[in-house]
There are 2 protein chains.
Amino acid sequence: MTKKKKAPTSWDVARLAGVSRSTVSFVLNNTPGIKISEETRRRVLEAVKALDYKPNAIARSLAKQKTEAIAFFVLDIANPVFPNMARGIEDVARQNGYTLFLCNTDGKTLREVRYMNIMLERRVDGIIAGALSNEEVSKIAQKKNIPLVILEHPRLPEHDVVYADNVKGSYEAVMHFVELGHKRIAHITINPESIIVQERIEGYKKALEDAGIPFDDNLLKIFYDKVDEEKAINELFSLPDPPTAIFTFSDFMAIQVMKILIRRGYRIPEDVSVIGFDDTLANLTIPALTTVSQPFYEMGAKAAEILIERLKNPNMPIQHIKLPTKLVIRESTAKRR
Amino acid sequence: MTKKKKAPTSWDVARLAGVSRSTVSFVLNNTPGIKISEETRRRVLEAVKALDYKPNAIARSLAKQKTEAIAFFVLDIANPVFPNMARGIEDVARQNGYTLFLCNTDGKTLREVRYMNIMLERRVDGIIAGALSNEEVSKIAQKKNIPLVILEHPRLPEHDVVYADNVKGSYEAVMHFVELGHKRIAHITINPESIIVQERIEGYKKALEDAGIPFDDNLLKIFYDKVDEEKAINELFSLPDPPTAIFTFSDFMAIQVMKILIRRGYRIPEDVSVIGFDDTLANLTIPALTTVSQPFYEMGAKAAEILIERLKNPNMPIQHIKLPTKLVIRESTAKRR
DNA sequence: TTGTAAGCGTTATCAG
DNA sequence: CTGATAACGCTTACAA
């Protein structure tokens, strides 16, 4: 390894080209309203190439008072619902000259706040949060006047938010069961502290209602702490009139449910139909899982678009955008026997 | 929204505390070798809190000539083998005060080079690359003297690299088949341009050899372009002596194989045993897939550790670190009938 | 059209 | 122990 020699600066370029530093800046940035003679431009560009000069973005950020960097706060990138979101964000960020910081928060407020401070110190231009544990981050963002767009939740009126149509997604899943002749339709879900869960339940109930099926509290299994599919199945199938169809909060839960059911000798979909949510894993299971597909990539992309738009136009009205979900019918659902 | 007012600077803090700007810097950084009176320190800290002052990391980076930021070049974060790696990297980066840029390259050299330039402009302290399409990035890194650690591939001697023990992983998978009595063991894999594929084939052959099973070229299915599991199965099972066990390059391929087999009426594992590689999706299938688990998280974490170590000590000898894989036996493998 | 010089917000050197 | 002051590398009026 050679001795670490410092990177060339615009000064070096200017000297080599025989011009001033501002001239270098002008040609490199194509500064509007400034005309540079062809000859000068050529000399500068040549010097840039000769020195393999890379402008120092740090210095530029300091001078321009913006970094063209944004941060993605994510619960956990290793959770399969997030990578596609991240990809959507990164794609549009990159296409617009922005660069992306990845921040895993594990849904812990402390971590969120810490990362918030770090990103504030780094002077990112804006933040996209894939779910927030509470309003702390929002408060800081407002106080510091930094744009924050929220994915899914919470739906704060002070910020742009992009979310999926959970009510309709849920509704369509249950309606699919109804059309297949099912009447005993269970829903297994997680802690309804989050609006997402509430909307899913809302869609579930609305579909039942529209189908003329009375809501049965015994068929709605909510887990406030850790989801225990085994327990849910136990209780569900010791009912006098057990379900013939099960709708879960996620693909992951649906897979657990299928495994338990198969282990107990039920056939899917002949004996029990199952629908998941997300479409992250649904195509991989055997039998392939019918599920409600969420537009994760589009959600990320849209969030990034809105953020970048807001950076250009801070006074644009707040946007709350609902993206459609789609029922994807595969092999885990069939006519009620 | 209030009018965008500028963030407070160390100057504001200094003025409020009635001290100089350097004093502020000293107390905030606990600059070693500098003693500050309790009284002064208290006043400064109070002013910091009163103004909700956040030091400008951009200005600091410019002055210190380092950013405490690193970049992760990844083929595609939406590919399930990478999120855990990213998590490993981010965890150790964060714990060491570094911040992570996420860069999807799609394995395209052009994109890699572009991102390389961007990250060079942003003066990141170092780069971790999760697979590189060729040596372009390496050349740039060497030229610019910026630390680059490579995950898996290519195994360039000029850089630190962290990789999984593919030979052993492959060997153990095949040996597991052997122990179950299988003699006709197929391997379906992708384009062997990459060392990873070569090592897997090496392990496959070595296990056969150690088991005294002659290598049969008909059982090794290599796809130079797109993998076509359907075709592989067709050819494999029209052999006079078809395989009773199939080892694939990835979990994803194993799942496709299982689906095809099941569709054709084979039972798994009764009729055909299957082993995958990665352990990203293996737990989702029914039957659950036996697979070679890769230490993705650890690989990411280790890469980040090495990078940070090298940042502290640039002259440390180059490290090539091989991490162990682990055979995880689940339900897709059984004794040969 | 090109050059000069004043920031941008820190850190770090050096007197006091 | 504290306070000036010079970098750090770029942008951007303002002059020329």
Side-chain angles (χ1 to χ4, degrees), chain A residues 4-45 47-48 51-69 118 120-125 144, chain B residues 4-45 47-48 51-69 120-125:
Chain A
K4 182 159 195 166
K5 57 167 171 289
K6 297 183 36 179
T9 72
S10 68
W11 209 94
D12 299 317
V13 175
R15 193 172 32 191
L16 184 62
V19 300
S20 78
R21 291 162 64 224
S22 34
T23 303
V24 173
S25 172
F26 292 149
V27 347
L28 256 35
N29 298 320
N30 264 313
T31 313
I34 301 266
K35 296 244 164 286
I36 303 281
S37 71
E38 257 329 299
E39 164 64 8
T40 312
R41 172 183 309 277
R42 194 187 51 70
R43 284 222 312 281
V44 169
L45 261 18
V48 164
L51 297 169
D52 193 23
Y53 166 72
K54 311 255 179 257
N56 184 326
I58 298 296
R60 166 186 293 151
S61 293
L62 185 59
K64 296 187 68 155
Q65 295 291 81
K66 52 181 190 160
T67 54
E68 317 231 287
I118 292 171
L120 248 18
E121 292 186 356
R122 290 198 184 259
R123 301 296 194 263
V124 295
D125 293 339
K144 292 299 184 182
Chain B
K4 182 158 196 167
K5 58 167 172 291
K6 297 181 35 177
T9 71
S10 68
W11 208 94
D12 299 317
V13 176
R15 194 170 33 190
L16 184 62
V19 300
S20 78
R21 291 160 64 222
S22 29
T23 304
V24 173
S25 174
F26 293 149
V27 346
L28 256 35
N29 298 320
N30 265 313
T31 312
I34 301 268
K35 296 244 164 286
I36 303 281
S37 72
E38 258 327 299
E39 164 64 7
T40 311
R41 172 182 308 277
R42 195 187 51 71
R43 283 221 313 280
V44 170
L45 261 17
V48 165
L51 295 169
D52 193 24
Y53 166 72
K54 311 254 179 259
N56 184 326
I58 299 295
R60 166 185 292 149
S61 293
L62 185 59
K64 296 186 68 155
Q65 294 291 80
K66 52 181 191 161
T67 54
E68 318 231 285
L120 248 19
E121 292 187 357
R122 292 198 183 257
R123 300 297 194 265
V124 294
D125 293 340

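A note on names: the letters A, B, ... follow the listed sequences, proteins ahead of strands, and every chain is numbered from 1.
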A:R60 side chain near A:L28 side chain, heavy-atom distance below 4.5 Å:
no
Using a 4.0 Å heavy-atom cut-off, does A:V19 contact any base of the nucleic acid, only the sugar-phosphate backbone, or nothing at all?
sugar-phosphate
Quick check for you: among C:dG3, C:dT11, C:dG9, whose closest atom lies nearest to any side-chain atom of B:N56?
C:dG9
Between B:I34 and B:A59, which residue's closest nucleotide on DNA chain D lies nearer the 5′ terminus?
B:I34
Rounded to the nearest angstrom, tell me the gap between atom CD in A:E38 and atom P in C:dT2.
10 Å
Among C:dT1, D:dT12, D:dC10, the one nearest any side-chain atom of A:K64 is D:dT12
For the pair made of CD in A:E68 and P in D:dT11, what is the distance, rounded to whole Å?
11 Å
Are any of A:S37's side-chain N or O atoms less than 4.0 Å away from OP1 or OP2 of C:dT2?
yes
Categorize A:T40 for me: base, sugar-phosphate, or nothing, with a 4.0 angstrom heavy-atom threshold over every strand shown.
sugar-phosphate
Should B:D52 and A:K144 count as side-chain neighbours, where that means a heavy-atom distance under 4.5 Å?
yes
Counting side-chain heavy atoms from C-beta on, which of C:dG7, D:dA13, D:dT2 comes nearest to B:F26?
D:dT2
Rounded to whole Å, how long is the line connecting atom CG of A:D12 with atom C1' of D:dC8?
13 Å
Is there a side-chain polar atom (N or O) of B:S20 under 4.0 Å from OP1 or OP2 of D:dT2?
no
Contact check, side chains of A:V24 and A:V19, non-hydrogen atoms, under 4.5 Å:
yes
Can you find a heavy atom in the side chain of A:R123 that is under 4.5 Å from one in the side chain of B:K54?
yes
Between A:R21 (CZ) and D:dT11 (P), how many Å, whole number?
10 Å
Please determine whether a side-chain nitrogen or oxygen atom of B:Q65 lies at a distance below 4.0 Å from atom OP1 or OP2 of D:dG9.
yes
Just checking A:I58: base, sugar-phosphate only, or nothing, at a heavy-atom cut-off of under 4.0 Å?
nothing
Provide, to the nearest angstrom, the distance between the CH2 atom belonging to A:W11 and the P atom belonging to D:dC8.
12 Å
Looking at every strand, decide which applies to B:S22 at a 4.0 Å heavy-atom threshold: base, sugar-phosphate, or nothing.
base
Passing option when A:V27 is tested against A:V44, A:V13, A:T40 for side chain to side chain contact (heavy atoms under 4.5 Å, CB included):
A:V44
On DNA chain D, check which nucleotide each of A:N29 and B:I36 is closest to and give me the residue with the more 5' one.
B:I36
In whole angstrom, what separates A:E39's CD from C:dT2's P?
9 Å
May I ask you to say what A:S61 touches in the nucleic acid, namely base, sugar-phosphate or nothing, with a heavy-atom cut-off under 4.0 Å?
nothing
Please tell me if A:T23 has a side-chain N or O lying less than 4.0 Å from either OP1 or OP2 of C:dT2.
no
Measuring to OP1 and OP2 of C:dG9, would you say a side-chain N or O of B:T9 lies under 4.0 angstrom away?
no
Report yes if a side-chain nitrogen or oxygen of A:S25 is closer than 4.0 Å to either non-bridging phosphate oxygen (OP1 or OP2) of D:dT11; otherwise report no.
yes
Nearest whole angstrom, please: distance from the P of C:dC8 to the CZ of A:R122.
22 Å
NZ of A:K54 versus P of D:dC8: gap in Å, rounded?
21 Å
Between B:R42 and B:E38, does any NZ, NE, NH1 or NH2 come within less than 4.0 Å of an OD or OE carboxylate oxygen?
no
